[in-house]
A.B. asks: 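Handing you this structure, nothing more for now.
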Amino acid sequence: MAACSLSYYSAPLFLSPCRCCYDHPCCEAVASTTASVSTAPWVPHDSVRHLLLSSPLRCSSSALASAAPASPVLRVRSSSLQVKAKEEEVVKVEMSSSGSKVVCVTGASGYIASWIVKFLLNRGYTVKATVRDTNDPRKVEHLVKLDGAKERLQLFKANLLEEGSFDSVVQGCDGVFHTASPFYHDVKDPQAELLDPAVKGTINVLQSCAKSLSVKRVVLTSSMAAVANSGRPRTPEVVVDETWFSDQDYCRELKLWYALSKTLAEDAAWKFAKENNIDMVTVNPAMVIGPLLQPVLNTSAAVILNVVNGAQSFPNSTLRWVNVKDVADAHIQAYEIASASGRYCLVESTAHFSEIVKILRDLYPTLPLPEKCADDKPYAPTYHVSKEKAKSLGIEFTPLKVSLKETVESLKEKKFINF
Ligand SMILES: NC(=O)c1ccc[n+]([C@@H]2O[C@H](COP(=O)([O-])OP(=O)(O)OC[C@H]3O[C@@H](n4cnc5c(N)ncnc54)[C@H](OP(=O)(O)O)[C@@H]3O)[C@@H](O)[C@H]2O)c1
């Protein structure tokens, strides 16, 4: 335990990793010792990483950031690490133990983000994952069980509505995947529940990125909700593409609060990125389905659960659909491919709920499924969404039938349905 004193972060000790302090709550002290960390050649330190995973609440995020490795020769603004050095000093941080880059995923416990974290770990990245409650096993257990998590996943507590919450987390990261944003429809106070976390939260994260000298690219999880809600007709001849932008007034008028939150957030993000010279790419997924990694039910998987769980009728609605693994893959491609830019619509197909029911009946002939539509109006028409840009990321979309089967099987496995 003596080796756990602050001095073990000094350069000579740092060169010989200490394995004796796994249970020592010393992370809080790390921030004040960053001067020695920052000038030392970085050597993998299993103790530090173990502490990050095992005692997240004892670790201040600035402490974690300073202890965390970064990509080769990152430029880190010394002041933000509270290093007792000149403001302009450029500190070199060596590679992570895996020799790979360090990236941040916000809202990491969420449905899409969990898959992004999984794929990033599979590809050898070191991942700094933010969650609101690092103490809640339903939010973190599935993440720490992922392959590679023990070695390369670090958990941080951060909230979109707390200014500066992400400052130290993004420090030293090469890329930031900003996925955190509330996604649900049953809201009482749209401003407080959806609009503020989406818009102020996005700017909060981008502000942290702007302060960091290490962040090279931000991939923002936007939505087709920020693309296709403009009031322009959507009929079988129409092809929606990345040039479409949802209209704020239209969303307000129809009380499409979630769509409004994504539209305002993406709009604000583009303005901020332009003004602050941030290289940002947005990924705009359709309704995301496919297997769940997290134990809690998310909004888009609930859409399918509602259909297979004894509903009497199906909605008269045509939605856009895409598989969660394709969405996660697209995020990483949008970060890795240097020439990626602008927005990427991710839609495998559009389908009316009558079509969804038809496919599900084909897959599960004995399952009681709704026979009738919720109203007698003509079915909402289908339309097309261009796949051209998504293809440039190398995305080959999973067919809707496969995605539906994966969703139902996952809902069964997680005991949301029983048949
Ligand atoms: N699923 C879809 O069909 C779909 C389609 C297009 C775009 N998107 C976008 O994809 C992203 C992820 O959505 P998802 O489907 O994966 O939903 P999800 O499972 O509900 O994940 C949302 C995440 O946002 C986090 N979050 C919410 N409010 C926060 C706050 N104030 N501070 C910090 N974190 C906060 C949540 O954290 P907690 O775990 O702490 O609650 C959660 O991790 C969102 O930006 C969403 O708009 C989703």
Side-chain angles (χ1 to χ4, degrees), residues 61 104-118 129-143 155-166 169 177-187 192-205 208 218-229 246 256-266 269 282-305 319-328 330-331 343-348 385 403 407:
S61 43
C104 168
V105 179
T106 70
S109 57
Y111 175 51
I112 296 173
S114 296
W115 278 98
I116 297 175
V117 172
K118 181 179 165 69
T130 79
V131 287
R132 266 190 291 185
D133 185 358
T134 47
N135 238 4
D136 183 348
R138 295 173 317 146
K139 300 290 176 178
V140 296
E141 251 178 20
H142 66 286
L143 295 177
L155 296 174
F156 296 80
K157 189 175 164 74
N159 193 311
L160 291 172
L161 293 170
E162 275 169 34
E163 218 176 299
S165 198
F166 295 84
V169 190
F177 298 87
H178 175 41
T179 75
S181 201
F183 177 26
Y184 47 92
H185 297 293
D186 181 22
V187 289
E193 291 173 61
L194 287 177
L195 305 184
D196 284 349
V199 182
K200 289 184 185 166
T202 297
I203 296 305
N204 196 14
V205 171
S208 302
V218 177
V219 178
L220 171 73
T221 315
S222 185
S223 171
M224 282 303 294
V227 175
N229 292 302
S246 294
L256 303 174
W257 302 123
Y258 168 70
L260 181 62
S261 78
K262 297 306 282 181
T263 304
L264 294 174
E266 195 192 314
T282 73
V283 171
N284 296 65
M287 187 63 75
V288 184
I289 56 171
L292 289 70
L293 291 174
Q294 84 286 358
V296 292
L297 185 66
N298 61 289
T299 298
S300 51
V303 169
I304 301 303
L305 180 63
L319 297 185
R320 307 161 285 262
W321 306 93
V322 68
N323 189 290
V324 68
K325 289 175 278 179
D326 298 338
V327 173
H331 277 76
R343 315 165 89 204
Y344 290 86
C345 292
L346 295 180
V347 184
E348 192 274 331
V385 180
S403 299
T407 314

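Both counts, for ligands and for their atoms, begin at 1 and track the order of listing. Because the structure is a prediction, the values reported are computed rather than measured. Note: hydrogens, waters and symmetry copies are ignored here, and every other heavy atom, side chains too, is used.
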A.B. asks: Below 4.0 Å from any atom of ligand 1, is there a heavy atom belonging to Gly201?
C.D. replies: no

A.B. asks: Test of understanding: given a 4.0 Å heavy-atom threshold, classify the contact between Ser181 and ligand 1 as side chain, backbone, both, or neither.
C.D. replies: both

A.B. asks: Below 4.0 angstrom from a heavy atom of Thr221, which ligand 1 atoms are there? Numbered from 1 as shown, please.
C.D. replies: 9 (C), 10 (O), 11 (C), 45 (O)

A.B. asks: Can you sort out which atoms of ligand 1 are near Ile112, meaning under 4.0 Å from one of its heavy atoms?
C.D. replies: 1 (N), 4 (C), 8 (N), 10 (O), 16 (O), 48 (C)

A.B. asks: So which heavy atom in the protein is nearest atom 43 (O) of ligand 1, and how far is it from that ligand atom?
C.D. replies: Gly107 O, 3.1 Å

A.B. asks: Is any N or O atom of Leu161, backbone or side chain, closer than 3.5 Å to an N or O atom of ligand 1?
C.D. replies: no

A.B. asks: Just let me know how Lys262 lines up against ligand 1, side chain, backbone, both or neither, with a heavy-atom cut-off below 4.0 Å.
C.D. replies: side chain

A.B. asks: Output the list of atoms in ligand 1 that are nearer than 4.0 Å to some heavy atom of Ser109, sorted by atom number.
C.D. replies: 39 (O), 43 (O)

A.B. asks: Using heavy atoms and a threshold below 4.0 Å, how should the contact between Ala225 and ligand 1 be classified: side chain, backbone, both, or neither?
C.D. replies: neither

A.B. asks: Looking at ligand 1, would Ser114 count as a contact under a 4.0 Å heavy-atom criterion?
C.D. replies: no

A.B. asks: Is there at least one pair of N or O atoms, one from Pro197 and one from ligand 1, spaced under 3.5 Å apart?
C.D. replies: no

A.B. asks: Under 3.5 Å, side chain of Thr179 to main-chain N/O of Thr221, donor-acceptor pair present?
C.D. replies: no

A.B. asks: If we only consider heavy atoms of Asn159, is any one of them less than 4.0 Å away from an atom in ligand 1?
C.D. replies: yes

A.B. asks: If you have a sec, work out which protein heavy atom is nearest atom 47 (O) of ligand 1 and how many Å separate them, to one decimal?
C.D. replies: Tyr258 OH, 2.6 Å

